[in-house]
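None of these values were measured; they are calculated from a predicted model.
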2 protein chains.
Amino acid sequence: MNIKDVAKKAGVSVATISRVLNHPDTVSPTTKEHVLAIMKELNYTPNWFARGLNLNKTNVIALLIPNILNPIYTQIAKGVEDIAHQKGYNILLCNTEENESKEREYIEMLLKRKVDGLILTASLLNKKDINKIKKRETPLVMIGKNKSSAKENMVFTDYIVGAYEATKHLVETGYRKIAYISGVKHQIENIEKQIGYEKALKEFCLPVEKKYIIEGNNSIEGGYLAAKKLIQSKEIPEAIFAANDLMAVGAMDAIKTMGLRIPQDIAIVGFDNIDMSALVEPKLTTISQPVYKMGLIAARLLFDNIESNDEEENVQQEIFLQSKLKVRKSCGHEDRLREIFN
Amino acid sequence: MNIKDVAKKAGVSVATISRVLNHPDTVSPTTKEHVLAIMKELNYTPNWFARGLNLNKTNVIALLIPNILNPIYTQIAKGVEDIAHQKGYNILLCNTEENESKEREYIEMLLKRKVDGLILTASLLNKKDINKIKKRETPLVMIGKNKSSAKENMVFTDYIVGAYEATKHLVETGYRKIAYISGVKHQIENIEKQIGYEKALKEFCLPVEKKYIIEGNNSIEGGYLAAKKLIQSKEIPEAIFAANDLMAVGAMDAIKTMGLRIPQDIAIVGFDNIDMSALVEPKLTTISQPVYKMGLIAARLLFDNIESNDEEENVQQEIFLQSKLKVRKSCGHEDRLREIFN
DNA sequence: CTGAAAGCGCTAACAT
DNA sequence: ATGTTAGCGCTTTCAG
């Protein structure tokens with residue numbers, strides 16, 4: 001069942017059928033009605049490939065995320081989906097599992113598939129990879145910084161500042177021995193978070209101690225294990241800053257399981273403000289990132305690029321969004337203040 | 001840059017190029033090497049559309065889920081992704097938002113796009129819709145039951161039994177006034193869960209009371225609101241069974257916020273066993289479904305269908321997986337037992 | 001306003 | 001083992 005069949009049955013040429021599909025105004029109302037009726041009768045739908053072959057357009061964009069099980073990435077995905085659906089696009093979702101070669105492999109495949117655009121989240125790619133994508137002229141938006149220092153479409157929050165704020169809050173609340181549970185180290189964002197952590201310590205003349213910096217693996221279990229190690233060490237920290245909420249929540253579980261109290265024995269602050277962080281006990285102090293919004297904005301930016309005919313007019317945009325500290329109970333802030341003022 | 005260019009540069013015909021791409025063994029090693037080199041040099045990638053137009057194959061499957069923000073669906077997605085990636089397929093992810101017409105609209109689009117297969121999760125479609133899909137001959141697998149009673153590829157757990165077990169556990173622990181926070185009512189699974197709930201009550205000669213059945217909307221907030229309503233009613237229930245963990249966790253938050261204790265004042269059990277359920281305080285008793293595995297199995301089933309040449313050999317399979325009760329603290333089981341035996 | 005026909009880039013049957 | 005060529009189903013000039 002193809003355009004020819006419809007043409008034959010409608011008693012017109014294939015060109016006319018194509019026209020009612022693509023330029024309805026150029027067809028007389030009568031024939032248009034007639035053709036439409038026949039199409040419905042035959043339950044005709046144009047062949048996507050043939051169409052793409054001519055138009056070179058897929059109406060598909062790809063979204064790469066490092067971990068589909070982490071709520072912040074599904075929030076981003078939701079944001080992207082909301083815009084994409086509204087624009088009539090479909091999303092190819094690719095889960096890179098924080099794996100550089102899986103990411104590269106995916107992109108290679110996606111480029112072959114001629115997706116109309118690409119959104120990379122927390123990308124592990126370097127400048128060379130990115131230039132390669134650009135050469136293929138597929139519109140590209142990055143969410144979160146990456147190893148390439150080149151100007152490109154990007155929506156991001158400042159992880160250095162976020163981590164700095166989190167750590168500083170802990171220091172100001174009165175803790176000195178502040179441990180850091182890092183995410184997987186090859187991700188830029190984790191490097192930046194560590195910079196922020198160290199910066200805050202240094203600013204308050206606190207030592208940056210290796211024994212207090214420990215790598216979780218971005219997951220609940222990783223946070224659990226890391227906290228356990230910390231607690232079993234000679235010098236238990238007074239507070240922990242975890243590079244994401246998943247690890248923070250895992251760490252809390254470890255702390256409680258080992259019979260310690262939060263925040264009295266160990267205070268904790270996380271990063272991301274996922275739903276879970278407001279439901280654990282005590283509620284988790286964290287850095288809130290507008291992730292859904294980032295997805296929305298990234299998608300809009302991408303479609304701006306896709307839809308613009310004028311290649312030149314499309315300057316690369318870097319959109320910076322603010323993160324902010326969300327103080328809840330786990331950092332023990334109020335208790336500390338009470339101590340100080342009483 | 002197309003196959004012709006490569007052919008010209010390599011000094012062979014397009015057929016040869018096509019052969020090294022599709023049937024490498026039928027080409028002499030020498031020319032194969034040569035062509036491969038030229039392809040690399042020219043950075044050639046075959047046009048996906050042209051290829052699809054001939055082969056009528058996309059290497060894309062679609063996964064429809066009701067809510068990307070619910071961890072059980074991302075677990076399923078992870079399972080599907082793991083298999084798909086391994087098979088060299090990409091996934092179009094569609095978030096239907098528990099909306100029947102959005103689901104229908106998506107499927108229409110996907111069928112046009114000629115995806116190679118379709119996995120529907122918690123589908124809202126009816127028999128007529130499903131028959132329509134089958135007529136298009138796109139392989140289809142359902143995760144969870146649906147309104148169509150026809151035999152079709154399906155992987156599922158028994159929601160009636162699960163809900164029955166959950167409720168029964170509450171009854172056996174000693175509660176009489178057991179409320180039910182339902183998911184959105186147009187989903188089959190929620191209808192079944194309610195049947196299981198009522199069945200357990202009836203079996204123990206407990207009344208099914210309308211005031212104790214209240215609709216959350218599958219979300220944390222919905223659970224929160226529902227529990228709040230329950231608590232503010234004249235007769236506060238002794239226990240709550242929530243149709244999913246998200247709502248259960250929201251309900252717990254409400255209970256605690258209103259100054260009641262779990263499980264002493266109100267016991268609670270959920271459904272799904274998402275990560276969060278083991279991290280809230282007290283840990284949530286729940287029904288565990290093997291969701292990741294369901295994704296895996298559904299994907300395998302789909303690929304079996306896609307890859308089988310023999311249309312006839314492919315009988316529709318219904319794969320039933322067991323769910324099981326995971327007893328933790330929130331249902332107060334141990335306390336009750338102590339009461340009974342002391 | 002409509003039709004005829006030339007591709008889009010690739011695959012595979014048919015020749016050699 | 002390799003080349004020639006007819007499509008795959010559609011869009012779009014170009015004529016009328």
**Message:** Could you check whether H85(A) and E105(B), counting side-chain N and O atoms only, form a donor-acceptor pair closer than 3.5 Å?
**Reply:** yes
**Prompt:** Does N47(A) place a side-chain N or O at less than 4.0 Å from the phosphate oxygens OP1/OP2 of dC10(D)?
**Reply:** no
**Item:** Smallest separation among heavy atoms of F49(B) and T58(A), with atom names
**Value:** CZ-CG2, 3.0 Å
**Asked** To the nearest 0.5 Å, what is the distance between CD1 (I107(B)) and OG1 (T138(B))?
**Response** 10.5 Å
**Asked** Please give, in whole Å, the distance from dC10(D) P to M39(A) CE?
**Response** 11 Å
**Request:** Please report the closest heavy-atom contact between N146(A) and S123(A), naming both atoms and the distance.
**Result:** CB-O, 4.0 Å
**Asked** Starting at the 5' end of DNA chain C, which residue's closest nucleotide do you reach first, T26(A) or L55(B)?
**Response** T26(A)
**Asked** Looking at T31(B), does any N or O in its side chain come under 4.0 Å of the phosphate oxygens OP1/OP2 on dA1(D)?
**Response** no
**Message:** Are more than 12 heavy atoms, taken from residues, nucleotides or ligands other than K134(A), located less than 6.0 Å from that residue's NZ atom?
**Reply:** yes
**Message:** What contact category does N56(B) fall into here, base, sugar-phosphate, or nothing, at under 4.0 angstrom with non-hydrogen atoms?
**Reply:** nothing
**Message:** Please report the distance, rounded to the nearest Å, between NZ in K8(B) and P in dG3(D).
**Reply:** 15 Å
**Message:** Tell me which residues in residues 12-19 of chain B lie within less than 4.0 Å of DNA chain D, going by non-hydrogen atoms.
**Reply:** V12(B), S13(B), V14(B), A15(B), T16(B), R19(B)
**Message:** Using salt bridge (charged side-chain N to carboxylate O under 4.0 Å, His left out), reason through E100(B) and K147(B) one step at a time and then give a plain yes or no.
**Reply:** CA-CA 12 Å; E100(B) 193 171 335; K147(B) 288 177 193 157; 3.7 Å; yes
**Message:** It should be established whether H23(A) places a side-chain nitrogen or oxygen under 4.0 Å from OP1 or OP2 of nucleotide dT12(D).
**Reply:** yes
**Asked** Atom CG of L53(B) and atom P of dC8(D): how far apart are they, to the nearest Å?
**Response** 9 Å
**Prompt:** Does a side-chain N or O from N2(B) land closer than 4.0 Å to OP1 or OP2 of dG9(C), or not?
**Reply:** yes
**Message:** Tell me the interatomic distance from K114(A), atom NZ, to dC8(C), atom C1', rounded to whole angstroms.
**Reply:** 12 Å
**Request:** Measure the spacing between CG of L110(B) and CG of L120(B) and express it to the nearest 0.5 Å.
**Result:** 9.0 Å
**Nearest-angstrom distance from the residue atom CG of D5(B) to C1' of dC8(C)** = 13 Å
**Asked** If you check the S28(A) side chain, which of dC10(D), dT11(C), dT2(C) turns out closest?
**Response** dT2(C)
**Request:** Report the nucleotide, chosen from dC10(C), dT2(C), dT11(D), that has the shortest atom-to-atom distance to any side-chain atom of R51(A).
**Result:** dT11(D)
**Prompt:** Roughly how many Å is it from CE in M1(B) to C1' in dG9(C), rounded to a whole number?
**Reply:** 11 Å
**Request:** Give the rounded distance in Å between these two atoms: CG of N22(B) and P of dA1(D).
**Result:** 17 Å
**Fill in**
K4(A) NZ to dA4(C) P, in whole Å, measures 12 Å
